[in-house]
> 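My questions all concern the structure below.
Order of the sequence lines fixes the chain letters, A, B, ..., with proteins taken first and strands second; residue numbering starts at 1 for each chain.
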Number of protein chains: 2
Amino acid sequence: MNFQQLRSVREAARRGFNLTEVAAALHTSQPGVSRQIRELEEELRIEIFERAGKRLTRLTEPGKTVLPIIERILQDAQNLHNAAQDFSGRDTGELTIAATHSQARYALPGAVNDFRALYPRVTLNLHQGSPHQIAQLLISGEADIGIATEALAEYEQLVALPCYRWTHCVIAPKGHQLLDGQPLTLERLAGFPIVTYEPGFTGRSHIDAAFANEGRKPHIVISAMDADVVKTYVALGVGVGIVAGFAFDEDRDRELGAIEAGHLFEINTTRLAIRRGTLLRAYALSFIETFAPTLTPEAVGAALAQARDGSHAE
Amino acid sequence: MNFQQLRSVREAARRGFNLTEVAAALHTSQPGVSRQIRELEEELRIEIFERAGKRLTRLTEPGKTVLPIIERILQDAQNLHNAAQDFSGRDTGELTIAATHSQARYALPGAVNDFRALYPRVTLNLHQGSPHQIAQLLISGEADIGIATEALAEYEQLVALPCYRWTHCVIAPKGHQLLDGQPLTLERLAGFPIVTYEPGFTGRSHIDAAFANEGRKPHIVISAMDADVVKTYVALGVGVGIVAGFAFDEDRDRELGAIEAGHLFEINTTRLAIRRGTLLRAYALSFIETFAPTLTPEAVGAALAQARDGSHAE
DNA sequence: TATCCTTACGGAATTCGTAAGCATG
DNA sequence: CATGCTTACGAATTCCGTAAGGATA
């Protein structure tokens, strides 16, 4: 048994059982991968993959049992490297953060800047994606840290820690009727065409829930993945916007006015997620702390240690 | 990085940093082991072992961090084999049980017999030792299941599950004054020379505690590791014995009489222990259930899953 | 027919054990 | 000076990629 065999199996399971693709991902030849898998199956005396003729189609029952263990081993191998590099390389390495647009655009820049000054020799990668894409990046190990308001807490394989709480605001072009100082209600809001986030992004679930709760059906004319697009269309007069409070900036968004809407929509919690069982580099913990000061290295360490079980409990 | 390197490191840490011994244990040459360790250290760019000149003396700080991860990987590698063999070999393999004399002699024979009938193709090994030795066998992976009344619950690395409860009895040669039907008290008992278990064995702790509690000092003339030795000396008239209730058999021990002593000494709980994070073969779970019917495979599985954390939490 | 896995083969790289060297208690 | 780790070297094995073969959608 060797690690290359395990990697081949894991990658095959991940990439839809296409060994040609696996070979490319592992920078090796396709027959090589084929052999690695066969050899492991022979050694364990089980078939991990079901084969339709020559093609792999899916996991067998033994394969389903064995795969989580293989993933744990490979993850621990990664942890081993990380732990070691914390002693040797100290402040060199890589840190990959996956975040939604909102976070990348408004919440992260400060922390990223501080981090780059503190750890100039760490290559920092920032991936942007939907909350579910972020979760997938974390689970596959392609990203170390994920930040989003939605979805992250739903995944068994992730540990999601609350970072900060925020509320939505309603925006409209200056001089718009909505900005007349009258109290803002859902009823009134529902009278206008609305521009806001797509479902699954940046607290959209709370927006939908609030309207549904009152039995109202808002007229959403444009839904976008980010506040910048929303603001652009609101400025054009397409409708009124609902965006995250932190996405509105009086200085920059001079043509718009904003009203706090924390009383209309449930408060949102932005979460930071890490795959269970992951051992983060020291600088990654440091980044987390600068981003969310409540998440001290000790707190994160404790959360991860508590979370080591369940990785394949039934 | 490969498994042989990891095994070399683990073994070196276990065997007092003597690479010659490690080589013997791993069935390889001593220079080989030396190389494996160096190569891993080079790859990780840390020193795992401190060296005094050429000899390894102890773990470095990085080594202390990294060793638990290495042990987890190797344990999971074993788990992988076990899981696979549950599908392939089904009912062939090995099962190593470590137990104290008391358990091996009185509690286990029934379960062992049933098990051998059920799984004739499983090689069953029975190691006998003190509770602490049993714990060490479990931790090192040399034994799969440990059974003892003492000590097992004290180890962080083990999961100890209660099997059954029992009480001590007092034995004496037939016709002995103690068997006159008068109620048995500690005071009366302390008046005779006593033969019982050694400290650390089969509920001896409860015996000591009971006397200490009343401020009495029993006169223990012989202490042995097992009830058979105790009974032998009691039969010779050396003194009265205190043994586990299940160790007395009216038919076999005709020259002795016994009195229940559950009212004198605290009730004992015999425990079955498994190393945390271990994945047991299906037949091992089956053995456990025949030995202690409350410990169903589901119950044991749940206990082990719950216990996966803490393996190196701080 | 194109895609995808397996088998076959030969060269390259790795691995491993023996033997010699050297430091330490 | 005996024990124990390292270095050196050569043989054996393993590993891996290319090329060809065969099955399936």
> If you assign each of A:L56 and B:Q30 to its closest nucleotide in DNA chain C, which residue comes earlier from the 5' end?
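With A:L56 and B:Q30 compared, the 5'-side residue is A:L56.
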
> What does A:T20 touch in the nucleic acid at a heavy-atom separation under 4.0 angstrom: a base, only the sugar-phosphate, or nothing?
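Sugar-phosphate contact only.
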
> Identify the two heavy atoms, one from B:L56 and one from B:F17, that lie closest to each other, and give their separation to 0.1 Å.
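Minimum heavy-atom contact is O-CB, 3.6 Å.
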
> At less than 4.0 Å, is any side-chain N or O atom of B:N18 found next to OP1 or OP2 of D:dC5? Yes or no.
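Answer yes for this pair, as a side-chain N or O of B:N18 is under 4.0 Å from OP1 or OP2.
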
> Taking atom P of D:dC16 as reference, at what distance in whole Å does atom CZ of A:R7 sit?
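Distance, rounded to whole Å: 10 Å.
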
> For A:H27 and D:dC16, give me the distance from atom NE2 to atom P, rounded to whole Å.
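About 15 Å, once rounded to whole Å.
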
> For residues B:D86 and B:R281, report the shortest heavy-atom separation together with the two atoms involved.
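Nearest pair, atom of B:D86 first, then B:R281: OD1-NE, 2.8 Å.
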
> When you measure from the side chain of B:N79 to the backbone of B:G277, do you find a donor-acceptor pair of N or O atoms at a distance under 3.5 Å?
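Confirmed, B:N79 side chain pairs with B:G277 backbone.
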
> Expressed as a whole number of angstroms, how long is the span from B:I37:CD1 to D:dT7:P?
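It is 13 Å, rounded to the nearest whole Å.
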
> Look at the side chain of B:R51 and the base of D:dG4, then say whether one donor and one acceptor between them are separated by less than 3.5 Å.
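Answer no: no donor N or O sits under 3.5 Å from an acceptor.
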
> Which nucleotide wins on minimum distance to the side chain of A:K54, given the candidates D:dG22, D:dG4, D:dG17?
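For A:K54, the side-chain atoms sit closest to D:dG22.
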
> Regarding B:Q4, tell me which of base, sugar-phosphate or nothing describes its non-hydrogen contacts under 4.0 Å with the strands shown.
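Answer is nothing: B:Q4 stays at 4.0 Å or more from every strand.
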
> Under 4.0 angstrom, heavy atoms only, what part of the nucleic acid is B:Q36 near: base, sugar-phosphate, or nothing?
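Since only primed, P, OP1 and OP2 atoms lie under 4.0 Å of B:Q36, the category is sugar-phosphate.
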
> Whole Å only: how far is the CZ atom of B:R38 from the P atom of C:dC16?
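It works out to 17 Å between those atoms.
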
> Describe the nucleic acid contact of A:F49 in one word from base, sugar-phosphate, nothing, applying a heavy-atom distance below 4.0 Å.
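Answer is nothing: A:F49 stays at 4.0 Å or more from every strand.
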
> Report the residue (A:P31 or A:N2) whose heavy-atom-nearest nucleotide on DNA chain D is the more 5′ of the two.
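In this pair, the answer is A:N2.
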
> Can you measure B:E42 atom CD to D:dT7 atom C1' for me and round it to whole angstrom units?
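Whole-Å distance recorded here is 13 Å.
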
> Which pair of non-hydrogen atoms, one from A:L40 and one from A:I70, has the smallest distance, and what is that distance?
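Taking A:L40 first and A:I70 second, the nearest heavy atoms are CD2-CD1, 4.3 Å.
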
> Look at the side chain of A:L19 and decide which nucleotide, out of C:dG25, D:dG17, C:dC5, has an atom nearest to it.
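Among the listed nucleotides, the one closest to the side chain of A:L19 is C:dC5.
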
> Within the modelled atom types, does a donor on one side and an acceptor on the other bring the side chain of A:R55 and the base of C:dT3 under 3.5 Å apart?
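Indeed, a donor on one side and an acceptor on the other fall under 3.5 Å apart.
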
> Using atom CZ of A:R35 as one end and atom P of D:dC15 as the other, report the distance to the nearest whole Å.
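After rounding, the gap between these two atoms is 9 Å.
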
> Return the value, rounded to whole Å, for the distance between atom CD of B:E39 and atom P of D:dT7.
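Spelled out: CD on B:E39 to P on D:dT7 is 12 Å.
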
> So if I take every side-chain heavy atom of A:T28 and compare against C:dT7, D:dC5, D:dG17, which nucleotide ends up nearest?
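Out of C:dT7, D:dC5, D:dG17, the nucleotide with an atom closest to A:T28's side chain is D:dG17.
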
> On a heavy-atom basis, which atom in B:I139 and which in B:R14 lie closest, and how many Å separate them?
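Closest pair (atom of B:I139, atom of B:R14, distance): O-NH2, 3.8 Å.
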
> Assign A:G53 to base, sugar-phosphate, or nothing according to its heavy-atom contacts below 4.0 angstrom with the strands shown.
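Sugar-phosphate, backbone atoms only, no base.
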
> Could you give the CE-to-P distance, from B:M1 to C:dT15, as a whole number of Å?
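For the pair B:M1 CE and C:dT15 P, the rounded distance is 14 Å.
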
> Do B:E154 and B:H132 come close enough that some side-chain heavy atom pair is under 4.5 Å?
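In contact.
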
